[in-house]
Every structure is written in structure tokens, then in C-alpha cells.
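Have a look at the structure below before the remarks.
We count ligands from 1, going down the list as the structure has it; atoms in each ligand are counted the same way. Bear in mind that the values here come from a model prediction, so they are computed numbers and not experimental data. When a residue number appears, it is its place in the shown sequence, counting from 1.
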Amino acid sequence: MTRIAIIASGSGSNAENIAKYFKGHAEVHISLILSNNSDAYVHERAAKLGIPSFTFTKAEFDEGKEILEVLREYEIDFIVLAGFLLKISQPLLEAYAERIVNIHPALLPKYGGKGMYGDRVHQAVIDASETESGITIHYVNEHYDEGNIIFQAICKVEPDDNCETLAARVHALEYAHFPRVIEAVIKNSIH
Ligand code: GAR
């Protein structure tokens with residue numbers, strides 16, 4: 001069994017979608033949800049799904065020690081970032097080398113980097129009059145949004161799109177692809 005921890009800063013709709021996809025799965029278990037925000041709606045989703053969730057401060061994320069202890073306690077093999085704001089620190093990167101993936105709501109390498117999160121990404125895409133956006137699922141390294149790309153999917157940007165309409169289209173792609181890409185990555189990388 002591969003045990004996954006999902007890390008999320010906000011609403012957690014991807015976290016919920018992933019948890020539902022793997023419910024009752026023979027080989028993958030969503031064991032833990034972590035956040036940097038105690039008010040994040042992801043905690044309510046976690047409670048409803050029966051998944052333990054914890055909050056750590058930015059300093060604790062940077063330092064890594066307590067988070068690694070919790071990850072060990074829950075025997076976590078793999079980490080999924082689903083709407084996480086902060087950079088993953090070196091201790092976590094070392095402990096989970098090639099075992100942390102992130103989803104980004106645009107076509108990297110464009111519209112990534114520090115501060116490029118959620119609606120800020122969609123607004124930048126709209127402001128640049130792009131005709132296409134999409135999702136990027138990638139391994140996480142020490143730089144924001146720069147790890148090796150695993151998968152991308154494209155959607156249209158319509159001329160009358162606003163953040164909300166574009167986000168909805170991108171979220172639909174995330175829900176359709178992220179769980180099965182996680183499943184495929186785990187099948188190939190963890191034996
Ligand atoms: C998702 O669209 C995800 O791609 C994005 O945040 C949203 C979280 O939504 N991630 C980033 O912007 C990372 N830079 P959710 O909390 O409803 O899953």
C-alpha cells in the first residue's frame with residue numbers, strides 16, 4: 001500500500017476529488033492532509049472524508065522536523081501538493097526525492113513562480129490575451145514550478161473569460177486528470 005499525504009493551502013477541492021478517487025483503492029491510500037492555514041476549507045473536507053488533517057506554520061514547513069515526524073508516524077510514501085502556496089523545504093525534498101508532485105493551473109513554464117497561485121495565475125493568463133491555458137503536473141524541486149513535467153492538458157481561453165470562468169475550466173481538467181496521473185506515477189515509481 002502506498003500512503004499519500006496531500007498538502008493544500010485553501011479550499012481543497014482537488015484534495016477531496018483525489019481522496020474520493022482512491023477510496024477503497026487496493027494499492028493507494030490517502031492517509032493525511034496537511035495545510036499551512038488552520039482556517040482552510042480543506043480541513044472541513046478532510047473531516048467529512050475521515051482523513052486526519054493538521055496545520056503547520058510557515059516556519060515549521062521551512063524547518064521540516066515536525067512535519068517529517070508526522071509523515072513518518074503515518075508511514076507516508078508519497079506527497080501530493082494540491083493548491084499549496086509555500087515552497088517545499090530542503091528537508092522534505094531530501095526525504096521525499098522524486099516522490100512529491102504538484103499541480104499548477106497553467107501551462108508551465110509560463111505563468112509559474114513565486115506568488116503565482118490560483119486566481120493570480122488565471123488573471124495573468126487573461127491579461128496576456130492567451131488563447132490557451134491548462135494544467136501542469138510536475139515533480140517538485142527546490143524552485144517554484146520548475147521540476148520535471150509529468151503531464152499537461154490544455155483548455156481554451158475564451159475572449160470573454162474572467163478568473164472565475166477560466167478557473168472552472170481548469171479545475172475540470174484537474175479533476176479529470178490529477179488522480180489518474182498520481183496513480184500512474186506511483187505505479188511506475190514505487191514498487
Ligand atoms: C488549483 O487550481 C491548483 O492548480 C492551484 O490552486 C488551486 C487549488 O484549488 N495551485 C496553484 O496555483 C499552485 N501554484 P483547490 O484548493 O480547490 O484544490
Asn36 versus Ser9, side-chain donor and acceptor atoms under 3.5 Å: yes
Within the side chain of Tyr96, is there an N or O that forms a donor-acceptor pair under 3.5 Å with the backbone of Ile76? yes
Numbering the atoms of ligand 1 from 1, which are under 4.0 Å from a heavy atom of Ser11? 16 (O), 17 (O)
Provide, to 0.1 Å, the distance between atom 3 (C) of ligand 1 and the closest protein heavy atom, together with that atom's residue and name. Glu174 OE2, 3.4 Å
Exactly one of Lys110, Gln152, His104 should register a side-chain hydrogen bond (donor to acceptor under 3.5 Å, both in side chains) with Thr136. Which one does? Gln152
Any idea which protein heavy atom is nearest atom 17 (O) of ligand 1, and the distance to it? Ser13 OG, 2.5 Å
Please list the nearest protein heavy atom to atom 12 (O) of ligand 1 with its residue and the distance rounded to 0.1 Å. Gly118 N, 2.9 Å
Starting from atom 11 (C) of ligand 1, locate the nearest protein heavy atom and write down its residue, its atom name and how far away it is, to 0.1 Å. Pro105 CD, 3.5 Å
Of all protein heavy atoms, the one nearest atom 6 (O) of ligand 1 is Gly83 CA, 3.6 Å
Where does the angle between the aromatic ring planes of Phe61 and Phe56 fall among parallel (under 30°), tilted (30 to 60°) and perpendicular (over 60°)? perpendicular
Out of the candidates Val140, Leu93, Ile100, only one should pair with Ile79 under the side-chain contact (heavy atoms from CB on, under 4.5 Å) rule; please name it. Ile100
Begin from the C-alpha positions of Glu183 and Phe22 and carry the test side-chain contact (heavy atoms from CB on, under 4.5 Å) through to its verdict. CA-CA 9 Å; Glu183 191 176 28; Phe22 287 112; 3.9 Å; yes
If you compare Asp119, Ile103, Ile18 by their heavy atoms, the one closest to atom 13 (C) of ligand 1 turns out to be Ile103
Does the side chain of Ser13 pick up a donor-acceptor pair with the side chain of Arg45 at under 3.5 Å? no
Quickly, which of Leu71, Ile4, Ile7 forms a side-chain contact (heavy atoms from CB on, under 4.5 Å) with Leu32? Name it, please. Leu71
Got the closest protein heavy atom to atom 14 (N) of ligand 1, with its distance? Met116 O, 3.0 Å
Interfacing atoms of ligand 1 (cut-off 4.0 Å, heavy-atom, Gly12): 15 (P), 16 (O), 17 (O), 18 (O)
Could you check atom 9 (O) of ligand 1 against the protein and tell me its nearest heavy-atom contact, residue, atom and distance included? His171 NE2, 3.2 Å
Report yes if Asp145 has an N/O atom closer than 3.5 Å to an N/O atom of ligand 1; otherwise report no. no
